[in-house]
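In what follows, a structure is listed as structure tokens, so that the remarks can point back to it.
Source: prediction; values computed, not measured. Sequence lines set the chain letters: A, B, ... in the order given, protein chains first and strands last, and positions in each chain run from 1.
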Amino acid sequence: MQDNPSIQFDEQRLAKRQQLLEEGVELYPHEFRRSHTIDTVREEFSEIGHDPSAEIISTAGRLYGVRDHGKTFFADLRDETGRIQLYIRKDALPEGKFQNFKNCIERGDIIGVKGRVFKTKVGEISIFVDDMTLLTKTLCSLPEKFHGLTNLEKRYRQRYLDLIVNEDSRETFRTRSRIISLLRNYLTNDGFLEFETPTLQPLYGGANARPFTTFHNFLGQKLYLRIAPELYLKRLIVGGFEKVFEVAKNFRNEDIDTSHNPEFSMVEIYQAYADYHDMMRLTESVVSTVISDITGGNEVSFEDNTISYKTPWQVMTMENAVRTIGGVDVFAHDVDALRIIGEKLGVEGVLDARSQREMLVLFFETLVEDKLIQPTFITDFPVENSPLAKSHREKEGFVERFELFIAGMELANGFSELNDPLDQVQRFEAQEEKRRLGDEEAQMHDYDFVNALGYGMPPTGGVGIGIDRLVMLVTGNSSIKEVILFPSMRREQVVQENDKEPLPLDDGNV
RNA sequence: GGGUCUGUAGCUUAGUCGGUAGAGCGGCGGACUCUUAAUCCGCAGGCCAGGGGUUCGAGUCCCUUCAGGCCCGCCA
């Protein structure tokens, strides 16, 4: 066991484990009944004085600080609900238990205690321990008590350890869990039904992205991990469900950085008889409700900015945003002139762009996106970039689409859903053409989906909201790795003790 | 993919011009019955991320591999 360099067990802890075993102590008992969690001890005994309570309580948790005073100890015990101090006296414990504790129980171990509650001289609510039980012997030693664990790589790879020692991190993930519950509650209270659609898909679609591929042995067929649930959720609208959503994990085979993880979470929402204006209102309402429920207000600081989520949020067409924020009136110039302007302003890709509408998107991405700090809906996108969105009812060459930007990040993307099957066929064909020209992110032609539209999908509005980014905004974390429990990391190579050569990495069977 | 910075004990880290790797916490031993980063005395713990080179001598300089952070590009 100790020859394996991947195992981080501490020799001294192993020795204590052995000593406990020899003394007949059960290292990993099966259960412990608590009369109180730590927060309920604090609530119930908030008025207790220096004399210990008559009531004997039992509670359990992990030991943190242990302060040795010879014949007494003070120790910090923590469970999910909080921290409380233990007061442990040699003369109060059953015969032998104190020595046992002193020799073999340490920081990081999980114990159960029985005792009476009192307040110490300096006024801290504590448990006067009458008996204690080892519940789990810990073999790995904890990071130090003061600086804790700060190494980012270790925090991400060993998240359990991060959660044990960093309260901030626990709080972030508690908030993440609450946000997802709030999203669900909001939508289900509003009459939406939650569904699960395939993660393994024979065709991928619903977004422009490179997929992960896998293989199903029985079907003898290549499958893709979904890049979006969109096309399946719209099939549900065709089938007659009118308000649907899915909290979906999506997979995109792309680079990793502070705002992208290869697997990420979105909530996608579709509503029959609604359009993109309705979905903007829904998005605004859902997100601002989450903000106020979590923070109790409507302002949250993020990086160097204070973001105000006070509704209504600003709405601008992309054309207008490029004109007023980027300073370029795209439709006042021809493509040649736009190339010159774009070059001068450092807009990437202008030499390849062939239309004003393509230029618009390029100018928007370079000149506007990262300036959209306060919540802003950008509307009316060129048709070429939006193969699943319905043509604009007034503007030729545009679709009824919006994206929500906050702190320069795209948080949501929605549109009036394209439901004209022939138009959809043409859009897919245009995507196919892009694929033939080498665009790996262009969408696949999904014939079953167009057949579904052939049976008739009512006018529908849809939106996807990025959950990870929402959590970043709410918790003030500027890295997506801080809000994903187990972010994607490159595998560490295991070095064999005897030859120091890295072991060959198994590629798996796919 | 490009640039840049980082990797020293379980954790947090110091290490100057290249000259025996130092501390705090944690651990172990000892003292201590109201402490809370408890305190006091003593001890152990390091192939300085891996490999190669320069040098009498490398944690330090050079090359390279691995992993990570940050910035840019692409995607949400």
Can you find a side chain N or O atom of A:K145 that sits less than 4.0 Å from OP1 or OP2 on B:G26? yes
Under 4.0 Å between any heavy atoms, over every strand shown, what does A:N261 touch: base, sugar-phosphate, or nothing? Just pick one. base
Same-atom distance (C1') from B:U13 to B:G59, integer angstrom: 14 Å
Side chains of A:E284 and A:Y309: do they bring a donor and an acceptor to under 3.5 Å? no
Under 4.0 Å between a side-chain N/O of A:K154 and OP1 or OP2 of B:A67, yes or no? no
Can you tell me if A:R252 touches the phosphate of B:C75, counting only side-chain N or O atoms and a distance under 4.0 Å to OP1 or OP2? no
Does the side chain of A:R13 get closer than 4.0 angstrom to OP1 or OP2 of B:G27 through an N or O atom? no
Carboxylate-amine/guanidinium proximity below 4.0 Å for A:K71 and A:D91: no
Side-chain-base donor-acceptor pair under 3.5 Å for A:D257 and B:C74: yes
Look at the side chain of A:F146 and decide which nucleotide, out of B:G10, B:U33, B:A37, has an atom nearest to it. B:A37
Pairwise 5' ranking along RNA chain B for A:H50 and A:E403, keeping only the more 5' one: A:H50
OP1, OP2 of B:G68 versus side-chain N and O of A:R157: anything below 4.0 Å? yes
Check the orientation of A:F128 and A:Y87. Use parallel for under 30°, tilted for 30 to 60°, and perpendicular for over 60°. perpendicular
Under 3.5 Å, is there an N or O donor on one side and an acceptor on the other linking the side chain of A:T120 and the base of B:U35? yes
With a cut-off of less than 4.0 Å, is there a side-chain N or O of A:T150 near OP1 or OP2 of B:U12? yes
Using OP1 and OP2 only, check whether a side-chain N or O of A:R67 sits under 4.0 Å from B:U35. no
For A:M489 and for A:T366, locate the closest nucleotide of RNA chain B by heavy-atom distance; then report the residue assigned to the nucleotide nearer the 5' terminus. A:M489
A:D109 side, atom CG; A:R17 side, atom CZ - distance, nearest 0.5 Å: 12.0 Å
Determine the interatomic distance between C1' on B:C48 and the same-named atom on B:A21; round to the nearest Å. 8 Å
Take the protein atom NZ of A:K71 and the nucleotide atom C1' of B:G30, then report the distance between them rounded to whole Å. 13 Å
Can we call the ring centroids of A:F381 and A:Y276 under 6.0 Å apart? no
